[in-house]
Amino acid sequence: MKDLDYYEVLEVSRDCNASTLKKAYRKLAMKYHPDRNPDNKEAEDNFKVVNEAYQVLSDESKRAIYDQYGKAGLEGGAGGHGGFGGGNMDDIMDMFNSMFGGGGGFGGRSQRDPNQKYSLDSEIELNLAFNEAIFGCDKEFNIKYKTACDDCGGSGAKDGKMTTCDYCNGQGQVVMKQGFMSFAQECPKCHGAGQSIKEKCNSCKGKGFKEKDETITIKIPAGVDSGNRLRAQGYGNESKNGRRGDLYIIFNVTEDEHFIRNGNDIYIEVPLFFTQAILGAKIKIPTLDGEEELNLKIGTKDKEQVIFSGKGVADVQTGRKGRLIAQIKIIKPTTLTIEQENLLLELQESFGIESTPHKSILDSTFDRVKSWFK
Ligand SMILES: [Zn+2]
Ligand SMILES: [Zn+2]
């Protein structure tokens, strides 16, 4: 991926104009946008490459250098490692958002208003019981969200009084040099606002926000699993204009005592007493939504599996159900009463096996084992 041609990456001709380029970029960036491809590493990598390509080709001087010298020309001569390639995701998101505003049509990941001191989107981890995750539920829980401090209007400055940022002289940007090129970056001190706090607001200690508690109820779809992320629109932090961002909920599902979940499949271990395994048996086992009968034949083996299609977990996207897999575990007694021992001896003898191994059987067994090593 790293050495792909930037024109090929953006699927444009070498002589395309700026507006074609921007359209091509937007199309691909939207396709690979992290909000559309959560937890998809490949999409994230593609998103980065597309951004890298656009960063170069949309800048006339960089594009000229690239056309003439290729990528090496941009990497700043001998041994110099340019800032390309492993682009920082936050920087890329900032660039993307500054170009297309808001979240580029995604309802806002980090819509960077430089006067907005905290991110409007927030994230929490939520514990779910096994059944809540499998069947879905309306889940009520408490959250905290940030809201602008009334006393400073969210600025974090005492009485809202700000002063020009001395790091960027109020520009909000600082110019960085890399190889041949220089480009502007957001000022690290004022985060692009161009102004900084002279004296901190007493009420919020300069943070610009206060936290509020809220009890919310969110519909959890059936089939979610640990690590899945759900966006709850409008439950994030509140801007000073009263607009709420989004809350991202990451699930942590508690394990069940009996069922083991693997994706959309459910495993259950079925203890079977050794006499049942020998005799065969009909036994009832619990499933996610009731019971099933196992019809076990004579001589059922340890770890044998019985599979019930469509009795697993509903897929959170498609609703298609996985499998229920019942695995036999043969249980043997570890102590015997005299009576039980006699019964078993009697049974054993009925199969023609003597309780003390016959000498000739012993001999032949040892002969065979010895022969393995010859
Ligand atoms: Zn600054
Ligand atoms: Zn305040």
Side-chain angles (χ1 to χ4, degrees), residues 51-52 54-56 58-59 61-62 76 82-84 86-104 108-124 142-216 232 234-248:
N51 276 282
E52 179 185 322
Y54 184 72
Q55 226 175 332
V56 171
S58 62
D59 180 307
S61 56
K62 286 184 210 168
F84 292 105
N88 174 318
M89 207 54 189
D90 285 341
D91 294 345
I92 294 174
M93 292 310 298
D94 280 352
M95 179 181 111
F96 182 82
N97 290 337
S98 69
M99 277 186 62
F100 297 113
R109 192 183 170 95
S110 49
Q111 35 305 73
R112 278 293 189 87
D113 171 357
N115 295 314
Q116 181 62 48
K117 285 185 71 75
Y118 47 89
S119 162
L120 293 187
D121 290 342
S122 57
E123 191 179 283
I124 56 154
N142 299 319
I143 58 165
K144 280 187 192 303
Y145 67 95
K146 292 170 183 166
T147 178
C149 168
D150 288 335
D151 295 320
C152 61
S155 66
K158 191 173 181 185
D159 305 321
K161 277 187 195 139
M162 304 291 285
T163 174
T164 303
C165 171
D166 55 9
Y167 194 85
C168 61
N169 295 318
Q171 299 299 303
Q173 295 187 327
V174 284
V175 175
M176 309 286 285
K177 275 199 193 307
Q178 214 158 51
F180 291 110
M181 305 167 314
S182 52
F183 52 90
Q185 260 190 351
E186 187 184 87
C187 170
K189 187 172 177 185
C190 64
H191 302 291
Q195 293 188 308
S196 60
I197 294 169
K198 198 174 178 183
E199 204 180 331
K200 283 180 182 173
C201 164
N202 286 327
S203 177
C204 65
K205 311 273 182 294
K207 295 196 301 268
F209 62 83
K210 288 178 176 172
E211 281 192 319
K212 274 193 184 169
D213 292 301
E214 189 181 23
T215 301
I216 63 175
Y235 288 104
N237 296 322
E238 188 176 51
S239 75
K240 59 174 180 269
N241 307 320
R243 206 183 75 75
R244 293 280 295 267
D246 298 333
L247 173 68
Y248 288 88

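Whatever order the structure lists them in is the order used to number ligands and atoms, beginning at 1.
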| said: What verdict does the side-chain contact (heavy atoms from CB on, under 4.5 Å) test give for I197 and M162, after you've listed the backbone C-alpha separation in whole Å, the side-chain angles of each residue and the deciding distance to 0.1 Å? | reply: CA-CA 5 Å; I197 294 169; M162 304 291 285; 4.2 Å; yes

| field | Exceeds 12 heavy-atom contacts within 6.0 angstrom, atom CG of D59 | value | yes

| said: Working to 10°, measure the angle at the Zn ion (ligand 1) formed by atom SG of C168 and atom SG of C187. | reply: 110°

| Note, S203 side chain near K210 side chain (heavy atom, < 4.5 Å) | yes

| Which angle, to the nearest 10 degrees, do you find at the Zn ion (ligand 1) between SG in C165 and SG in C190? | 110°

| query | Less than 4.0 Å between a side-chain N and a carboxylate O, is that true for D166 and K189? | reply | yes

| Sorted by chain and residue number, which protein N/O/S atoms are under 2.8 Å from the Zn ion (ligand 2)? | C149 SG, C152 SG, C201 SG, C204 SG

| task | Report the distance from atom NZ of K200 to atom OG of S155, rounding to the nearest 0.5 Å. | result | 12.5 Å

| note | From the list C190, P188, S196, side-chain contact (heavy atoms from CB on, under 4.5 Å) with Y167 holds only for P188

| query | Once you round to the nearest 0.5 Å, how far does NZ of K240 lie from SG of C152? | reply | 9.5 Å

